[in-house]
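Beneath this line is the structure, given in structure tokens, with notes to follow.
Letters go in sequence order (proteins before strands), and every chain restarts at 1.
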There are 2 protein chains.
Amino acid sequence: MFIEIETTSDIPIYTQLVNQLIGLIAAGDLKPNEPLPSVRSLASDLGVNMHTVNKAYHELERKKILNIIPKSGAIVNDSKTPSEEQLSTIIQLLKPIIAEAIVYGVEEAKIMSIASSLISEFKEG
Amino acid sequence: MFIEIETTSDIPIYTQLVNQLIGLIAAGDLKPNEPLPSVRSLASDLGVNMHTVNKAYHELERKKILNIIPKSGAIVNDSKTPSEEQLSTIIQLLKPIIAEAIVYGVEEAKIMSIASSLISEFKEG
DNA sequence: CTTCTGTTATAATATCATTAGAACAGATTG
DNA sequence: CAATCTGTTCTAATGATATTATAACAGAAG
């Protein structure tokens, strides 16, 4: 489990966890139906509290990325087609960043090129 | 100044302000070299505290989007070409969202289409 | 049956976000 | 010049978050 937590970051630990787990799934390092480590073991590995990992897992469950089976564990959900809610989420998240890029003077073609590169980066693993 | 603050949102007020101001600049509603309202008047308009607006302005100055002239006011910076730092910022912000979209099963073409639409939305004003 | 799992509860600490009030000094304007 | 407006700085209080620490519980897995 290749996860690194920066305790000095202003990004909350559980958010760093959420983002990195999403990254691992997107890159195929964590596959659909694959079980995640228990909150206790991952917390121990990372040197953080059990509840912090638990919070990240539940955030991923809220996003419908994980399926948490009570008192058993969490497995990666298999999502072939995004729900309308998920599509809307992506658009809302993307909007302020696209705006920021435009304000910085990043040209449209450059924005598209960055997006394309990032997609390839994940898809290639 | 078309800004709406949702006090019930879990997004901090100053962050909402930052995002909406960036949106206004991207859409051309706020043009380069144009002065922003004083922290006191904008705070009064929005029904929030002066310090909250001040925090947003300084966050935008940190991003080099605003130029704050001490004891005078803030004006919109004219950025024609993004700095390396700004480009890096955009990439780092984009990365987790692209990953999330991929996990949701959003196809590459769809992601690109959303990005393109958002860019057009801003550029058209 | 023992161990592992997530769940729940309480509690303490630190940080952040927001508001309030006041005072100060430079900039602007009439 | 004098009055007003500006961002700046400071202290203070409040509420919400994030994180950690313990502990106990009940279902799952071996």
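Of the candidates D:dA18, C:dG6, D:dT8, D:dA18 carries the atom nearest the A:P12 side chain, counting heavy atoms from C-beta on. Here the side chain of A:M50 is nearest to one of D:dA21, C:dT8, D:dT8, namely C:dT8. The side chain of B:V39 approaches D:dG7 more closely than any other nucleotide in the set C:dA20, C:dT18, D:dG7.
Looking at heavy-atom distances under 4.0 Å, B:Y14 makes contact with sugar-phosphate atoms alone, never a base.
Neither OP1 nor OP2 of D:dC5 sits under 4.0 Å from any side-chain N or O of B:K71. For the OP1/OP2 pair of C:dG6 and a distance below 4.0 Å, the side-chain nitrogens and oxygens of A:H58 include no atom meeting the criterion. In this model, the phosphate group of C:dT5 is not approached by any side-chain N or O of A:S72 to a distance below 4.0 Å at OP1 or OP2. The shortest distance between the side-chain N/O atoms of A:T52 and the OP1/OP2 oxygens of D:dT20 is below 4.0 Å. Listed pair A:S38 / C:dC4 fails the phosphate criterion, with no side-chain N or O lying under 4.0 Å from OP1 or OP2. Applying the 4.0 Å criterion to OP1 and OP2 of C:dT18, one finds that B:K55 has every side-chain N and O outside that range.
The separation between A:L42 atom CG and D:dT19 atom P is 14 Å, rounded to whole Å. Put simply, CD1 on B:I69 is 11 Å from P on D:dT8, counting in whole angstrom units. Note: CG (B:L66) to C1' (D:dG7) measures 14 Å, nearest angstrom. Atoms CD1 (A:I11) and P (C:dT15) sit 18 Å apart, rounded to a whole Å. For A:E59 and D:dT17, the CD to C1' distance is 13 Å, given to the nearest whole Å. Distance B:Q16 CD to C:dA17 P: 13 Å, rounded to the nearest Å. Distance CG (A:N67) to P (D:dA28): 15 Å, rounded to an integer number of Å. Put simply, CG on B:N49 is 13 Å from C1' on D:dA12, counting in whole angstrom units.
For A:Y104, the side-chain hydrogen bond (donor to acceptor under 3.5 Å, both in side chains) test picks out A:E100, with sequence neighbours left out.
When the nearest nucleotides of DNA chain C are assigned to A:N54 and B:R40 by heavy-atom distance, the more 5′-ward of the two goes with A:N54. A residue-by-residue look at B:G73 and A:T7 shows that B:G73 has its nearest nucleotide of DNA chain D further toward the 5' end. Both A:D10 and A:Y57 sit near DNA chain C, but only A:Y57 has its closest nucleotide nearer the 5' end.
For B:E85, the CD atom is loosely surrounded, since the number of other residues' heavy atoms within 6.0 Å does not exceed 12. The local environment of CD in A:E61 is crowded, with over 12 non-hydrogen atoms from other residues, nucleotides or ligands closer than 6.0 Å.
A:S38 and A:S41 share a donor-acceptor pair across their side chains, judged by distance under 3.5 Å alone.
For the pair A:K64/A:S83, no side-chain contact is recorded, criterion being any heavy-atom separation below 4.5 Å from C-beta on. A heavy-atom distance below 4.5 Å is found between the side chains of B:I119 and A:I111.
With B:S117 contributing its side chain and B:S113 its backbone, the two residues share a donor-acceptor pair below 3.5 Å.
Axis deviation across the helix from C:dC1-D:dG30 to C:dG30-D:dC1 amounts to 40°, comparing end segments of five pairs, rounded to 10 degrees.
Side chain A:H51 to base C:dT7: no donor-acceptor pair is found below 3.5 Å.
The pair A:R62-A:E59 counts as a salt bridge, with a side-chain nitrogen and a carboxylate oxygen less than 4.0 angstrom apart.
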